[in-house]
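Since the structure comes first, as structure tokens, the remarks are kept for the end.
All chains are named by letter (A, B, ...) in the order of the sequence lines, taking the proteins before the strands, and each is independently numbered beginning at 1.
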2 protein chains.
Amino acid sequence: MSPAGGGSGAAGRPKRPTMVDVAREAGVALRTVSRVVNDDPTVGPEYVAKVKAAIAALNFRPDERARQLRTGVTGTIGAAVRRIAEINPALAAIEQTARASGLTLLASSTDFDEARERDILLSMCRQRLDGIIVEPIGENHGYLEAELADGMPVVAMDRPMSGISVDCVMSDNAAGIGMAFHHLHQHGHRRVAYIGDSERVYSGRERAAAFRAALLAHGLPVDGLVHPGEITAERVGAALESVLSGPDPATALITGNTDTTLAVLRRLGPAAASRLGIVGFDEVPLADLLQPALTVVAQDTANIGRTAVELLRARIADPSRPAQRVVVPVAMRVRGSGEVAAPAASAVNAG
Amino acid sequence: MSPAGGGSGAAGRPKRPTMVDVAREAGVALRTVSRVVNDDPTVGPEYVAKVKAAIAALNFRPDERARQLRTGVTGTIGAAVRRIAEINPALAAIEQTARASGLTLLASSTDFDEARERDILLSMCRQRLDGIIVEPIGENHGYLEAELADGMPVVAMDRPMSGISVDCVMSDNAAGIGMAFHHLHQHGHRRVAYIGDSERVYSGRERAAAFRAALLAHGLPVDGLVHPGEITAERVGAALESVLSGPDPATALITGNTDTTLAVLRRLGPAAASRLGIVGFDEVPLADLLQPALTVVAQDTANIGRTAVELLRARIADPSRPAQRVVVPVAMRVRGSGEVAAPAASAVNAG
DNA sequence: CTGAAAGCGCTAACAC
DNA sequence: GTGTTAGCGCTTTCAG
């Protein structure tokens, strides 16, 4: 009941009690306290009682850091993602899976900053976390080579890492873009444009390439329809200007990621999708409340997050196993914006 | 260059090198290595060079855990929030402020689960984090009393903690509800209903009370207009049914938090706010893209997050300072849904 | 300015 | 079954 210190008769203790204090209080050996704390069954019941009483009396709580130093494992995995505190179902799945495996999650935001990614990753290594999941952004992760060689388990999510060989789980970008294109094509669109992320980014590269491939596969011209680049209001606005004007404007749009989809919607006004076919790659929050509701190619983010943890656990268990790449299927979510029929007049050069 | 192990001539080393290895390799004392690693300026340049060469040769990276055990501080603060991986500008601000202060952030989701909150908080205590920020959900946090007595710094965010006295930073809930009501009243609404969180939750209690006070202050009847409770589609649907039907239906709505706002929108259809005045408490993602765009009382989340870290740092620096409560102002964001004029016919009992 | 030695709080060999 | 004794890898008194 007293605010600080135990009630064992001695004067108030200035610092937190340790196992030594508990052992002395209980009149047993240090080793016995450790056993009781770790629920070792090979301790006599009377000792257990004495130790537990001493623990309660002193308000003792073991120091996890010391245990970690001694045992070598932290029971913690790190996640370096672009943004915590944003909607990120993969991160939610990572946290849940980790917790279910008895692992603590240490999540940090790289914030799309290569230097910060590096800081975070190296800090996690210095902390000797049991493993790391990373949504890579940097162009070169060679600085992790020594850590990998020393057995640090690392798994990449969404994109492979560059310069080093680690496990990776990612969406089937090519199939997703193909599905989006096919969907719009089915609804009569022959002039479909793509606006998406920069081709400096791996997924941007994959998605733009898949879009070009889709055009070619359908015997359609590629001219001026593919607009990868930075996701800024200006750049996206210019791309829209370009594809929606001229003699043969696009009647439908594929947006390469959530930020692009939102930039397009903000530029054209939310109702744009009632005139234009729009399919977004990746889910958009509140997509169901927009008018029209937004049709998207949704990533199986829960699966990605869960798989990332599973790959990491497998690597922790066997550091020498060969690096794997897992590709997770995507799925269309038909909601309205992708089902706008192409205007009849837009048949290409039908004169 | 070799993938593992140092190039110092000896056979490959099986485990990670330690400071002892570096000292041997460099031919200096352990103490000197420690100094170089910690950038202690009182080391001769030639020694620095030798040590750095050895560090590079062995690929040595210090073990942060051992340092933490020895120094007693972890350089890490914990944040137990309802959800990481959801939009949470306060958490983003916490992370940014922490990073700017050289602190690592360990964020965990309590997931609205009292038992999980307890697990997370006690785990953070066992890890001897430098301090904890918590968005409390539990009804009783007495289990932290011993930790607080032992000097564990804790700051509550959004809601005060129950049963213990800790620093707290939160929004001015009463003023926010007052502003929302006043705004709708200005636009002619005399039948305004409130749907919000359960009064078991502190902020739900404050907001419902403030709403009742607003009605009374305007000389309006309270009958059937106040609907705090669980945020489920059913409960919110029933509340809507109740306030929108009958002889004197509400012409405007105040929704007590983001989840309630979305539940209302999903129930009534996104265009509901063109018929009904709606002001939401707390920001809604993509509020600007809805039609009509959503008027809300926005919390100063960045301020809240930053203040939480500052309160925590102050408490870490001086554990004996008295607990403070900081109330952060809120602000209206006028976007459309709150500016719908009341139908002329709705003057109360004007017969 | 550098070197030897003692610990941070815990776990895990070993004996008893 | 329990008790003694070394460490985990680092920082930090103390002497030189």
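Shortest non-hydrogen contact noted between B:Ala308 and B:Met157 is CB-SD, 4.2 Å.
Pairs of residues two or more places apart, or lying in two chains, that qualify as salt bridge (Lys or Arg N to Asp or Glu O under 4.0 Å) and include a residue from residues 155-166 of chain A are A:Arg82-A:Asp158.
With sequence neighbours excluded, the residues forming a side-chain hydrogen bond (donor to acceptor under 3.5 Å, both in side chains) with B:Asp167 are B:Arg315, listed by chain and number. The side-chain hydrogen bond (donor to acceptor under 3.5 Å, both in side chains) search around B:Gln324 returns B:Arg321, not counting sequence neighbours. With sequence neighbours left out, A:Glu117 forms a side-chain hydrogen bond (donor to acceptor under 3.5 Å, both in side chains) with A:His141. In this structure, the side chain to side chain contact (heavy atoms under 4.5 Å, CB included) partners of A:Val28, at least two apart in sequence or on a different chain, are A:Ala26, A:Thr32, A:Val33, A:Tyr47, A:Lys50, A:Val51. Judged as a side-chain hydrogen bond (donor to acceptor under 3.5 Å, both in side chains), and not counting sequence neighbours, the contacts of B:Thr307 are B:Asn303. Looking at residues two or more places apart in sequence or on another chain, you find a salt bridge (charged side-chain N to carboxylate O under 4.0 Å, His left out) between B:Asp40 and B:Arg35.
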Side-chain polar contacts of residues 100-112 of chain B - donor-acceptor pairs under 3.5 angstrom, sequence neighbours left out - could you list them?
from     : atom 1 : to       : atom 2 : distance (Å)
B:Ser101 : OG     : B:Thr97  : O      : 2.8
B:Ser109 : OG     : A:Glu95  : OE1    : 2.6
B:Ser109 : OG     : A:Glu95  : OE2    : 3.2
B:Ser109 : OG     : B:Ile84  : N      : 2.9
B:Thr110 : OG1    : B:Val81  : O      : 3.2
B:Asp111 : OD1    : B:Arg83  : NE     : 2.5
B:Asp111 : OD1    : B:Arg83  : NH2    : 2.9
B:Asp111 : OD2    : B:Arg116 : NH1    : 3.0

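Proximity of A:Arg61 to B:Cys125: side-chain heavy atoms (C-beta onward) are nowhere separated by under 4.5 Å.
With respect to the salt-bridge test (charged N to carboxylate O, under 4.0 angstrom), the residues A:Arg16 and A:Asp21 do not qualify.
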Sub-3.5 Å pairs of nitrogen or oxygen atoms, protein against nucleotides 10-12 of chain C:
from   : atom 1 : to      : atom 2 : distance (Å)
C:dC10 : OP1    : A:Asp63 : N      : 2.9
C:dC10 : OP2    : A:Met19 : N      : 2.7
C:dT11 : OP1    : A:Asn38 : OD1    : 3.4
C:dT11 : OP1    : A:Asn38 : ND2    : 3.3
C:dT11 : OP1    : A:Arg67 : NH1    : 3.1
C:dT11 : OP2    : A:Ser34 : OG     : 3.0
C:dT11 : OP2    : A:Asn38 : ND2    : 3.4
C:dT11 : O2     : A:Arg70 : NH1    : 2.7
C:dA12 : N7     : A:Arg31 : NH1    : 3.1

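Within the cation-pi definition used here (under 6.0 Å to the ring centroid, within 45° of the axis), A:Arg118 qualifies as a partner of A:Tyr143.
Taking every nucleotide of DNA chain D with any atom under 4.0 Å from a non-hydrogen atom of chain B, the first and last of them, 5' to 3', are D:dG9 to D:dT13.
Between the P atom of C:dG9 and the CG atom of A:Leu58 lies a distance of 14 Å, rounded to the nearest Å.
Residues of residues 46-55 of chain A having a heavy atom closer than 4.0 Å to DNA chain C: none are found.
Computed from C1' positions of five pairs at each end, the angle between the two local axes of the helix from C:dC1-D:dG16 to C:dC16-D:dG1 equals 40°, rounded to 10 degrees.
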